[in-house]
Structures are given as structure tokens and as C-alpha cells.
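To keep things clear, I will list the structure first and then write my remarks on it.
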There are 2 protein chains.
Amino acid sequence: MASLNIGDAAAAAGVSAKMIRHYEEIGLIPKAKRSYSGYRTYSENEVHLLRFIRQARGLGFSIRQIGELLGLWQNSRRSSATVKKLALEHIGELEEKIREMLAMKATLERLAAHCHGDHRPECPILDELSGPAPAGQVRSGKSGRS
Amino acid sequence: MASLNIGDAAAAAGVSAKMIRHYEEIGLIPKAKRSYSGYRTYSENEVHLLRFIRQARGLGFSIRQIGELLGLWQNSRRSSATVKKLALEHIGELEEKIREMLAMKATLERLAAHCHGDHRPECPILDELSGPAPAGQVRSGKSGRS
DNA sequence: CTTGACCTTCCCATGGGGGCAAGCTTCATC
DNA sequence: GATGAAGCTTGCCCCCATGGGAAGGTCAAG
């Protein structure tokens with residue numbers, strides 16, 4: 001079985017060598033075996049593991065979630081319900097972020113639509129950014145201590 | 001003309017004192033004047049500036065973009081076209097991220113829909129993560145020392 | 001033997017913060 | 001005037017996930 005150096009393992013798995021070392025350091029993957037001279041060596045199994053991580057990162061899972069997914073992946077007595085729950089949790093997070101960004105985008109588009117975008121300095125975008133006061137107002141006394 | 005300490009300026013602007021120091025350190029805002037004893041002091045103008053930053057952060061602008069927006073805000077000879085361009089650039093970035101996350105979400109939803117979510121271990125989600133090999137394959141000759 | 005590609009560890013940077021600690025300053029209250 | 005409690009100062013470490021680079025060891029080919 002071909003034993004690969006980190007660079008080849010990285011290329012085979014589609015991640016950077018840097019990240020492999022990082023994943024090892026944070027305990028996401030077990031410590032790689034070392035050659036006599038100290039080089040990390042990787043087997044097909046470990047490349048497969050790295051590929052799994054790459055796929056999960058591509059779907060936006062966090063490192064913590066990937067750790068859980070790896071545990072499930074390697075546990076033949078897992079229940080698919082546990083995996084599905086993790087996926088649904090992540091879908092919820094994605095939805096939340098998407099909602100936030102859509103709201104930002106909508107506001108920006110509204111402002112941009114009202115901006116002439118010409119040589120004149122008047123600009124509703126800057127007005128909006130400088131305008132609306134937040135909830136907290138400046139309190140009249142100096143420093144509100146006790 | 002109330003001159004505020006950092007905590008009160010932070011409350012008035014809706015940002016944390018920590019971030020005010022940070023913005024000063026990275027040069028986003030000018031260095032605050034100091035009282036005799038070394039406390040940072042803030043005028044209404046500076047609170048207004050901080051409020052501007054808070055608004056811009058709320059719309060997802062990066063620190064770099066906010067720096068540019070601040071320059072435009074304080075330049076009475078700006079053209080609204082420049083501001084609009086910055087806003088449109090940011091809208092484009094948001095769209096890109098939204099697209100990526102929608103794609104992740106769609107994939108996850110497809111996988112989750114095919115997952116029984118019961119006590120059994122079989123799970124198409126894990127299959128997908130472990131399955132598809134990336135484009136790059138193990139190269140035969142390159143540096144395969146073993 | 002030399003070259004150069006690879007590997008090792010270590011430190012630094014990113015963005016946008018949070019938190020804690022030691023030591024001052026300020027202020028209200030006794 | 002003393003005291004205690006907030007508030008301020010700086011500085012350092014942490015998060016996530018990653019990239020960059022320096023200084024030095026290793027290995028295979030020419």
C-alpha cells in the first residue's frame with residue numbers, strides 16, 4: 001500500500017498540506033505516523049478521511065461539526081437520525097446567515113436605487129449610514145457611574 | 001459640549017469600548033484625545049463617526065470598505081457615483097456568498113431528504129461526504145517515496 | 001556533490017471581535 | 001479624609017479556518 005508524504009496526501013485529498021498539519025494539531029484527525037526522518041506518512045485510509053473533511057468543509061460544516069460527523073462516520077452503530085439532526089442543524093445555520101445577508105442586500109439595493117450615482121456629493125447611502133441614531137442616547141450627565 | 005469617556009461613547013454609538021480601541025489601533029479612526037490622566041475623550045463628532053461605523057458594519061461592509069466610506073463621508077467634494085460603486089461592489093459580494101450558501105443548503109436538503117433519520121446506520125449524508133473523489137488523483141511518480 | 005523539491009517547526013497575519021489581569025483614576029458615600 | 005466600586009489603561013490570550021514565510025533537515029536525481 002502506497003504510503004504518501006503530506007504533499008501527495010494533500011493533493012490526493014484536495015486539501016492543503018498546511019491544513020492537514022492544522023487538523024492534526026487541533027485533534028480533528030489522529031497524529032500521523034512518521035517516517036524514520038520525521039516525515040508524516042499517510043495511507044489510503046487517512047487520505048479518505050481527509051477527503052471526507054474536504055467534502056464536509058465544502059458544505060460549510062464547522063470543524064466542530066465535522067468532528068462529530070467523523071465520529072459518526074467511523075461508528076458502525078450510529079443512527080442515521082443523529083447524522084440527519086446534525087445536517088438539519090447546519091441547514092438552520094445556513095438559513096439564518098442567508099436571511100441576514102438578504103436583509104443587508106435588500107437595504108443596500110434600496111439605498112443604491114435612490115443614489116443618483118453621478119458627480120454630485122449628495123448620497124442617500126451615506127445619509128443612511130450617518131443618520132439613524134441607535135437606541136441608546138447620550139446621557140446628559142458625564143459618566144454614568146453608580 | 002459633553003466630552004465622554006470611552007464607555008459612554010461606546011454606549012452612545014452602540015459599539016463596544018473594546019472595538020473603539022481596536023478601530024483606533026488599526027487606523028480606522030483618528031487617535032482620540034486624552035484627558036490629563038490618559039483617558040480617551042470623545043466629542044459628539046467622534047460619537048457620530050462611531051455610529052457611522054456601526055451602521056456600516058450592520059450592513060456587512062468590511063473594515064476596508066468602511067475606511068473608504070468614511071473618507072467619502074468626510075469629503076464634501078465626493079461624487080455619489082463613488083459611493084454607489086462601493087455599495088454595488090458589496091452587494092456583489094453578498095450575492096456571491098448567498099449563492100454559495102444556497103448551493104450548500106440545497107445539497108444538504110437533498111441529502112437529508114434521502115436520509116431515513118431512524119435508528120439504522122445507513123445514511124446517504126455520510127455516503128456523500130465519504131464518496132465522491134476529487135478531481136486530483138494520486139499521482140503515480142511524483143514524490144512517492146515509501 | 002550539488003541542486004532543488006520536499007519536509008519539519010515556529011511565528012505572524014487575516015476579521016471582528018471576547019475575555020481576563022494588574023494597576024490607575026474618578027467619584028459617591030461615610 | 002478615607003474607602004470602595006466603577007471605570008479606565010495596557011497587554012496578552014482565545015475563537016475560526018486559513019495563508020505566508022523563515023530557518024533548517026531530508027531525499028532523489030543528475
Side-chain angles (χ1 to χ4, degrees), chain A residues 3-29 31-42 50 53-68 90 93-94 97 100-101 104 139 141-146, chain B residues 3-29 31-42 50 53-68 90 93-94 97 100 104 139-146:
Chain A
S3 180
L4 294 82
N5 281 339
I6 198 169
D8 292 313
V15 301
S16 69
K18 204 97 181 183
M19 289 317 299
I20 297 180
R21 295 192 194 97
H22 180 60
Y23 293 151
E24 180 181 312
E25 192 186 4
I26 65 177
L28 185 63
I29 57 177
K31 292 193 178 183
K33 291 183 188 99
R34 302 294 186 120
S35 73
Y36 175 74
S37 59
Y39 285 18
R40 289 174 182 82
T41 60
Y42 297 90
L50 291 167
I53 293 172
R54 192 194 67 126
Q55 292 287 321
R57 286 291 309 140
L59 287 178
F61 282 102
S62 70
I63 294 290
R64 176 193 63 79
Q65 290 169 325
I66 294 174
E68 295 181 36
H90 181 41
E93 294 163 358
L94 285 172
K97 287 181 196 161
E100 285 173 13
M101 290 202 289
M104 291 175 182
R139 285 162 295 172
K142 288 199 255 179
S143 295
R145 275 188 279 284
S146 114
Chain B
S3 180
L4 293 79
N5 281 340
I6 198 170
D8 293 311
V15 302
S16 70
K18 196 95 181 189
M19 289 318 301
I20 297 180
R21 295 193 195 97
H22 180 61
Y23 294 151
E24 180 181 312
E25 193 185 4
I26 65 176
L28 185 62
I29 57 177
K31 293 193 177 182
K33 291 182 189 99
R34 301 294 186 119
S35 72
Y36 174 75
S37 59
Y39 284 18
R40 289 173 182 83
T41 60
Y42 297 89
L50 291 168
I53 293 172
R54 191 192 67 124
Q55 293 286 320
R57 288 288 312 139
L59 288 178
F61 283 102
S62 69
I63 295 290
R64 176 193 64 79
Q65 289 169 326
I66 294 174
E68 295 181 37
H90 181 41
E93 294 164 357
L94 285 172
K97 288 181 195 160
E100 286 173 12
M104 292 175 182
R139 286 158 301 165
S140 49
K142 207 56 184 295
S143 85
R145 289 180 286 273
S146 51

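Both backbone and side-chain heavy atoms feed into the values below; hydrogens, waters and symmetry mates do not. Chain letters run A, B, ... following the sequence lines, proteins first and then strands; every chain starts at 1.
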Under 3.5 Å donor-acceptor, Arg54(B) side chain and Ala13(B) backbone: yes
Nearest-angstrom distance from the residue atom CD1 of Ile63(A) to P of dC15(D): 13 Å
Between dG16(C) (P) and Phe61(B) (CZ): distance, integer Å: 12 Å
Integer-rounded Å distance: dT18(D) C1' and Ile66(A) CD1: 13 Å
When the side chains of residues 56-68 of chain A are checked against the rest of the protein, which donor-acceptor pairs come out under 3.5 Å, sequence neighbours left out?
unit_1	atom_1	unit_2	atom_2	d
Arg57(A)	NH1	Phe61(A)	O	2.6
Ser62(A)	OG	Gln65(A)	N	3.2
Ser62(A)	OG	Gln65(A)	OE1	3.4
Arg64(A)	NH1	Glu68(A)	OE2	2.4
Arg64(A)	NH2	Glu89(A)	OE2	2.8
Gln65(A)	OE1	Ser62(A)	N	2.9
Gln65(A)	NE2	Glu89(A)	OE2	3.2
Gln65(A)	NE2	Glu93(A)	OE1	3.3
Gln65(A)	NE2	Glu93(A)	OE2	3.3

Proximity to the side chain of Ser62(A) - top-ranked nucleotide from dC8(D), dG16(C), dA17(D): dA17(D)
Presence of Tyr23(B) side-chain N/O under 4.0 Å of dG17(C) phosphate oxygens OP1/OP2: yes
5′-ward residue of the pair Tyr36(A)/Arg34(B) relative to DNA chain D: Arg34(B)
Distance below 4.0 Å between Arg40(B) side-chain N/O and dC8(D) OP1 or OP2: no
Residues in side-chain contact (heavy atoms from CB on, under 4.5 Å) contact with Met104(B), at least two apart in sequence or another chain: Leu94(A)
Exercise: identify the closest heavy-atom pair between Val15(A) and Ile20(A): CG2-CG1, 3.6 Å
Under 4.0 Å protein heavy-atom contacts per nucleotide of nucleotides 19-25 of chain C, with B for base, S for backbone only and - for none: BB----B
Between dG19(D) (P) and Met19(A) (CE): distance, integer Å: 7 Å
Residue whose closest nucleotide on DNA chain D lies nearer the 5' end, Ile6(B) versus His22(A): Ile6(B)
Closest contact, heavy atoms only, Tyr23(B) versus Leu50(B): CD1-CD2, 4.5 Å
Side chain proximity check, Ile6(B) to Arg21(B), heavy atoms < 4.5 angstrom: yes
Whole angstrom value for the distance that separates P of dG15(C) from CD of Glu25(B): 13 Å
side-chain N/O Arg57(B) vs dG15(C) OP1/OP2, d < 4.0 Å: no
Value in whole Å for how far the P atom of dT10(D) lies from CD of Glu24(B): 8 Å
Side-chain touch Lys31(B)/Arg40(B), heavy atoms, less than 4.5 angstrom: no
Spacing of Arg21(A) atom CZ relative to dC11(C) atom P, expressed in whole Å: 15 Å
Those residues that, when tested against Ser35(A), pass side-chain hydrogen bond (donor to acceptor under 3.5 Å, both in side chains) (two or more places apart): Ser37(A)
Over all atoms of both residues, closest heavy-atom pair of Ser16(B) and Ala10(B): C-CB, 3.9 Å
Value in whole Å for how far the P atom of dA17(D) lies from CZ of Arg54(A): 17 Å
Between the first and last five pairs of the helix from dC1(C)-dG30(D) to dC30(C)-dG1(D), the angle of the axes, rounded to 10 degrees: 30°
